Participant: 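Could you have a look at this structure, given as structure tokens, before my questions?
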Amino acid sequence: MLQGEMRARVSWLIVLAIYMAFPPFQRERVEEMGFSGVFRMERMRADSALTQALRSRWDAEATAFVFPWGHMIPSLEDVSRITGLKIYGRPVSGYTYPCYHDLAERLLELPVERRSSLVPRVPLQESLGLFDVGKVAGESEDEHLDRLTRVSRRELESEPGAQADLDLRRFLVLFLGRLLFATRGDAVHCHFLPLLEDLGEVGGYAWGAAFLAHQFDSLGASEWQTSISGFFPFLQVWAYLHLPALGGGDLARPGLVPIARRWESCRDSRNLRDQLERLQEAIDSYPHLDVIWQSYLGEGDEGQPWLVQARPYFGRSVWLHALNLVLPLHLYLSQRSLGLWQSVVEFLVRDWFRRPGRSFRGLHDTTDWRERAKEQIDNWERRGKAVKSDATTDDAYLQTYALKYGGKVYKSARHQVDVTGEIASLRALLYLAVQDREAAQRQTTELRREMERVRSTGAGGASSSRTAGGSLSLLEAQLEGAVLRAEEAQRHLEEQRDQLQGEVWATQSERDQLRIWAEADEAQVVEATKELAAQQVQRPPGDQEEVTRLRVELLAQ
């Protein structure tokens, strides 16, 4: 992990130094291509433990994270808001070749071995003026960056022309191959080179969508692969926004855009194994009501002109393209991220587009992906399919989800038990039920506090106010009884969990009992809600508004 983290930080430093060394007209060209948002970010520390913990929850068949509370999927809106990359335009598709030797010599004036698609990193860096990128003893990171920038600036062309185009094309190959679409190893893949031949067309591609496809592919790699692939700040900031209780991020610069500019990664002095175990445990026990499904409700569009053209792609399931990567964005598996109730879905068997294997290194025939993936490209050009839901509750989805993933959502050492079939699904259902009880208890405590406040403000009012206050006291007592019953149910569930290795008929009986308790508690809350509604008309106008608000909270509970 340390080697992968160091490689990622050095790559970012080198690419950033060359970008800062460019004359203004070159930086303007990079901005027109839609890449400048990445270079406005602060250099973030790579959190290998967080990346690995998230990767362990990735289901490659569904191209989604499977957490105890349901599917979650990084979306095109996440890419657009976090990185500022363009997610609209032509799909990143075209030809891949068995050999890039001639193309690299013509467009980069650099050698690429025959039967290869890799350009050596060192000659590529040296062609941009960075012959020695090592850090001098006693040199800070900022001083290191300043020195590399000064050295590179001396070698770069300062006026527009053929040499400036050559500089920019070399830089883009380094940026795409070592930062945005980084892979393991030290060489730089140049399979995007055909799309860089006409530099005026580079900005017309949906590089952000291609980046998301690459992220999905990297997450689907073996869990034993610990090196970081892709632009690591994206996944880290995604976790900071959606799963804040995991920690690890510091909101150091609120208000900046793109959003990744606001965050810094906190240092953790523990060894990586301990960090990973802590994160696994934190995910297993994460309060699902603390999951932030819609992170951008309060976000405006100021300073983000790319969002105007990006919005038509938000909230849609669509195929993503990055040349030989053609992967689906199954956003309908995470409808709650769009503010919808999660409807029951048919869980997928692997349906991604067939492509050369992960070890693809240009040793295959020339392939025109615009023809081979024609149906999927048509899907992109139609902007896929809008996600809709007619569900009124998440319950049916969660039950189906538990049956599908019951044993998989518990990945840490504390939950490594040998469970299968019905036992695994019941364990997941019990887990969700316990979390629901805890959430209900917190909400009940808050509601009781509000009731006390209303009762104290109405203590000196008319007799009708006192009558309503008495009803609220009765409701409070009823809610306290519901909490006690819920706590008793929790204790009983914990006892049942110890018996899960028993007969299948026993687990079915326990599930039926759990359903009976849930229905009884729900009936109790409904009855209390009706009583509160009946008292509303007897309250003075000011108190009626308060009672209405309490009634809404109680209905939500």
Side-chain angles (χ1 to χ4, degrees), residues 34-38 62-65 70-93 180 203-216 219 230-231 233-235 237-243 255-263 291-322 325-343 345 376-391 394 397:
F35 298 135
S36 62
V38 172
T63 56
F65 291 116
H71 290 104
M72 293 190 81
I73 306 176
S75 68
L76 289 171
E77 182 173 8
D78 290 317
V79 173
S80 186
R81 288 192 177 274
I82 292 174
T83 69
L85 290 170
K86 292 174 62 174
I87 63 165
Y88 54 88
R90 298 190 300 277
V92 177
S93 189
L180 204 59
Y205 291 103
W207 292 103
F211 166 77
L212 190 57
H214 180 75
Q215 285 286 296
F216 288 174
L219 287 165
F231 187 52
F234 169 73
L235 202 57
V237 174
W238 181 88
Y240 302 156
L241 292 171
H242 292 275
L243 306 173
L256 295 182
V257 292
I259 287 176
R261 296 180 64 195
R262 306 174 186 179
W263 291 88
V291 174
I292 308 299
W293 291 98
Q294 297 176 275
S295 299
Y296 314 115
L297 288 179
E299 291 287 337
D301 295 353
E302 296 81 5
Q304 304 171 87
W306 60 86
L307 286 180
V308 176
Q309 292 175 274
R311 285 192 178 280
Y313 292 85
F314 294 173
R316 306 183 74 87
S317 291
V318 67
W319 284 87
L320 306 173
H321 301 264
L325 286 178
V326 184
L327 298 175
L329 171 61
H330 290 313
L331 199 58
Y332 63 87
L333 293 177
S334 186
Q335 294 168 351
R336 283 174 286 180
S337 65
L338 306 178
L340 306 173
W341 288 108
Q342 180 69 55
S343 57
V345 294
Q376 288 74 22
I377 288 179
D378 289 344
N379 172 270
W380 171 260
E381 292 175 346
R382 295 193 307 269
R383 298 173 184 166
K385 184 177 181 180
V387 177
K388 299 179 181 179
S389 172
D390 56 1
D394 299 329
Y397 161 81

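In this text the structure is predicted, and so the values were computed from the model without any measurement.
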Participant: Please determine whether side chain to side chain contact (heavy atoms under 4.5 Å, CB included) holds for the pair Q335 and L338, giving the CA-CA distance in whole Å, both sets of side-chain angles, and the decisive distance to 0.1 Å.
Facilitator: CA-CA 5 Å; Q335 294 168 351; L338 306 178; 5.5 Å; no

Participant: Which distance, rounded to the nearest 0.5 Å, do you find between the CH2 of W207 and the CG of L180?
Facilitator: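 Spacing of CH2 (W207) from CG (L180) equals 8.5 Å.
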
Participant: Considering non-hydrogen atoms only, spot the tightest contact between P258 and I82 and give its length.
Facilitator: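 Heavy atoms only, the tightest pair is CB-O, 3.3 Å.
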
Participant: Restricting to non-hydrogen atoms, name the atom on L241 and the atom on I292 that form the minimum distance, rounded to 0.1 Å.
Facilitator: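 Nearest heavy atoms, L241 then I292: O-CB, 3.4 Å.
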
Participant: Any side-chain heavy-atom pair from F234 and P74 closer than 4.5 angstrom?
Facilitator: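 Result yes, sub-4.5 Å side-chain heavy-atom pair found.
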
Participant: Could you give all pairs that pass the salt bridge (charged side-chain N to carboxylate O under 4.0 Å, His left out) test and reach residues 292-301, with sequence neighbours left out?
Facilitator: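 Listed once each, the pairs are R81-D301, R262-E299, D301-R311.
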
Participant: Tell me whether the centres of the aromatic rings in F216 and H214 are closer together than 6.0 Å.
Facilitator: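 Not close enough - the centres of the two rings lie 6.0 Å or further apart.
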
Participant: Could you give the distance from OG (S317) to NZ (K388), rounded to the nearest 0.5 Å?
Facilitator: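 Between S317 OG and K388 NZ, I get 12.5 Å after rounding to 0.5 Å.
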
Participant: Are any of the side-chain heavy atoms of S389 and Y332 separated by less than 4.5 Å?
Facilitator: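 SC-SC contact between S389 and Y332 ruled out.
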
Participant: Looking at side-chain heavy atoms only, is the closest gap between S80 and F314 below 4.5 Å?
Facilitator: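 In short, these two side chains touch, coming nearer than 4.5 Å.
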
Participant: Any side-chain to backbone donor/acceptor pair from W238 onto V79? Under 3.5 Å, distance only.
Facilitator: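 Judged by distance alone, no pair lies under 3.5 Å.
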
Participant: Do you know which two heavy atoms are closest between H330 and A62, and how far apart they sit?
Facilitator: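 That would be CD2-O, 3.3 Å.
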
Participant: Looking at every non-hydrogen atom in both residues, tell me the closest pair between Y313 and I87 and how far apart they are.
Facilitator: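 Result for this residue pair: CB-CD1, 4.0 Å.
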
Participant: Within the 4.5 Å heavy-atom criterion, are V318 and L76 side-chain neighbours or not?
Facilitator: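 Heavy-atom side-chain distance check passes, below 4.5 Å.
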
Participant: To the closest 0.5 Å, what do you measure between CD1 (I259) and CG (D78)?
Facilitator: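 It comes to 8.5 Å.
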
Participant: Indicate whether the side chain of W319 and that of N379 have a donor and an acceptor atom separated by less than 3.5 Å.
Facilitator: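 The criterion, which ignores hydrogens and geometry beyond distance, is not satisfied for N379 and W319.
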
Participant: Quick one, Y88 and R383 - any side-chain contact, counting heavy atoms below 4.5 Å?
Facilitator: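 No, their side chains stay 4.5 Å or more apart.
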
Participant: Output yes when a side-chain donor or acceptor of Q215 lies under 3.5 Å from a complementary backbone atom of L235, and no otherwise.
Facilitator: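 No: the side chain of Q215 does not pair with the backbone of L235.
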
Participant: Minimum heavy-atom separation for L331 to S75, with atom names?
Facilitator: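 Closest approach of L331 to S75: CD1-CB, 4.0 Å.
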
Participant: State whether a side-chain donor-acceptor pair under 3.5 Å links H71 with Y397.
Facilitator: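 A pair is found: one side chain offers a donor N or O, the other an acceptor, under 3.5 Å apart.
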
Participant: Using a 3.5 Å distance criterion without hydrogens, assess whether the side chain of H321 forms a donor-acceptor pair with backbone atoms of A206.
Facilitator: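 Flag not set: sc H321 to bb A206 has no pair under 3.5 Å.
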
Participant: Would you mind reporting whether L243 and V291 have side-chain heavy atoms less than 4.5 Å apart?
Facilitator: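 A side-chain contact exists here, since the closest heavy-atom pair is under 4.5 Å.
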
Participant: Rounded to the nearest 0.5 Å, what separates atom OG1 in T83 from atom CZ in F35?
Facilitator: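 So the gap between those two atoms works out to 10.5 Å.
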
Participant: For the residue pair D390 and W341, establish whether any side-chain heavy-atom pair is separated by less than 4.5 Å.
Facilitator: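 No, their side chains stay 4.5 Å or more apart.
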
Participant: Tell me, please, which residues at least two apart from R261 pass salt bridge (Lys or Arg N to Asp or Glu O under 4.0 Å).
Facilitator: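 Testing R261 for salt bridge (Lys or Arg N to Asp or Glu O under 4.0 Å), a comparison that skips the adjacent residues, returns none.
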
Participant: Once you round to the nearest 0.5 Å, how far does CG of L340 lie from CD of Q294?
Facilitator: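 The distance works out to 8.0 Å.
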
Participant: Of all heavy-atom pairs between G34 and K86, which one has the smallest distance, and what is that distance?
Facilitator: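 Taking G34 first and K86 second, the nearest heavy atoms are CA-CD, 3.9 Å.
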
Participant: Rounded to the nearest 0.5 Å, how far apart are CZ of F65 and CD1 of I73?
Facilitator: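 Going from the CZ atom of F65 to the CD1 atom of I73 covers 9.5 Å.
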
Participant: Given side chains that start at C-beta, do those of T63 and L329 come closer than 4.5 Å, heavy atoms only?
Facilitator: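 With C-beta onward as the side chain, the pair stays apart.
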
